[in-house]
Asker: 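Please see the structure below; I have some questions.
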Amino acid sequence: MPPFFLVDSRVMPTLKNARREKFAWLLASGKTATDAYEEAGYKRSDSNGPALARTPGISGRVAEINAERWSQERAAAAAAVERTAITRQSLVEKIEEARQAAMEAGQYSAAVSAAKEIAVLLGIRIERSESGAPGEFDWVDRPNLEELRAPAKGELDVEAY
């Protein structure tokens, strides 16, 4: 248990009574008031621990400790997210490194594949594929005259398609 710690760039002093400070830390760590009271060096009491926990000094100190822990956890989580974030830009950078390595190694096919992948990521190249049997979508490309007139007449049979 440190004698002080930082919150929002200011030093928060510990409680003057070392046993009460330890009691507050134990409460903040999830111990019951009775167990924390005993572990802090007091004689075990089922009533004194909870009573001490309700005092403004102790409850305020527990709130400060929990706020600091929450702040540290949020900062750690934010740093972890930033370190592991995968963005379009980070992917492009990694693929560009691979493309450069492939060029230096004389693996031109791999370099071309990397360049294509970069173009897909940047939206310059769009990959398309057809699904279905050959000719299954011919009706889209070659509608007959009656099928072209149906929407204008308000007679489009959606279920037929």
Side-chain angles (χ1 to χ4, degrees), residues 1-15 18-33 35-36 39-40 53 58-161:
M1 161 176 57
F4 61 86
F5 60 93
L6 292 175
V7 173
D8 299 329
S9 305
R10 68 178 197 265
V11 175
M12 289 185 6
T14 60
L15 296 173
R19 287 196 295 182
R20 287 184 175 213
E21 177 69 15
K22 185 174 182 180
F23 178 71
W25 276 89
L26 290 166
L27 284 176
S29 72
K31 296 276 186 185
T32 65
D35 290 342
E39 284 187 45
I58 297 294
S59 61
R61 183 70 177 127
V62 170
E64 290 172 342
I65 292 167
N66 286 334
E68 170 59 17
R69 283 186 179 160
W70 174 247
S71 174
Q72 289 173 350
E73 286 177 16
R74 280 192 317 185
V81 165
E82 190 172 316
R83 271 194 321 274
T84 60
I86 297 175
T87 63
R88 180 180 295 153
Q89 182 61 35
S90 69
L91 288 173
V92 167
E93 290 169 1
K94 289 180 188 311
I95 296 170
E96 176 58 23
E97 289 173 14
R99 190 191 70 76
Q100 287 290 340
M103 290 294 291
E104 290 169 7
Q107 297 177 345
Y108 302 113
S109 178
V112 169
S113 293
K116 287 179 180 179
E117 191 62 32
I118 290 171
V120 168
L121 285 170
L122 296 177
I124 298 168
R125 180 171 182 262
I126 300 171
E127 292 184 340
R128 294 187 177 101
S129 64
E130 183 175 329
S131 60
E136 189 174 339
F137 298 99
D138 283 349
W139 64 270
V140 174
D141 293 330
R142 292 187 282 279
N144 62 37
L145 190 57
E146 193 55 39
E147 289 172 331
L148 290 172
R149 289 185 178 153
K153 293 179 187 176
E155 300 172 355
L156 182 62
D157 184 10
V158 177
E159 291 180 13
Y161 291 100

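Since we're looking at a predicted model, the values are computed, not measured.
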Asker: If I compare all heavy atoms of K31 with all of A36, which pair ends up nearest, and what's the gap?
Answerer: CB-CB, 4.0 Å
Asker: Do L15 and I58 pass the side chain to side chain contact (heavy atoms under 4.5 Å, CB included) test, and can you show the C-alpha distance, the side-chain angles, and the key distance before you say yes or no?
Answerer: CA-CA 8 Å; L15 296 173; I58 297 294; 3.7 Å; yes
Asker: What distance do K22 atom NZ and R19 atom CZ have between them, rounded to the nearest 0.5 Å?
Answerer: 10.5 Å
Asker: For A111 versus M103, what's the shortest heavy-atom pair and its separation?
Answerer: CB-SD, 3.4 Å
Asker: Would you check, one step at a time, whether the test side chain to side chain contact (heavy atoms under 4.5 Å, CB included) holds for V92 with L122?
Answerer: CA-CA 8 Å; V92 167; L122 296 177; 3.9 Å; yes
Asker: Using only atom types and a distance under 3.5 Å, with no angle test, would you say the side chain of R99 pairs donor to acceptor with the backbone of A110?
Answerer: no
Asker: Determine whether V120 and I126 satisfy the following criterion, side chain to side chain contact (heavy atoms under 4.5 Å, CB included), listing intermediate values before the conclusion.
Answerer: CA-CA 6 Å; V120 168; I126 300 171; over 6 Å; no
Asker: For S59, which residues count as a side chain to side chain donor-acceptor pair (under 3.5 Å) partner, sequence neighbours excluded?
Answerer: none
Asker: Would R61 and E64 pass as an ion pair if we require N to O under 4.0 Å?
Answerer: yes
Asker: Find the distance between CG (L91) and CD (E96) and round it off to the nearest 0.5 Å.
Answerer: 13.5 Å
Asker: Can you see which heavy atom on A53 is nearest to which on L27, and at what distance?
Answerer: CB-CD1, 3.7 Å
Asker: Under the side-chain contact (heavy atoms from CB on, under 4.5 Å) test, which residues partner E93, sequence neighbours left out?
Answerer: Q89
Asker: Tell me the closest heavy-atom pair linking A28 and I65, and the distance in Å.
Answerer: CB-CG2, 3.5 Å
Asker: Rounded to the nearest 0.5 Å, what separates atom CD1 in I95 from atom CD in E117?
Answerer: 5.0 Å
Asker: Do any pairs count as a side-chain hydrogen bond (donor to acceptor under 3.5 Å, both in side chains) and have a residue in residues 103-116, sequence neighbours left out, and if so which ones?
Answerer: none
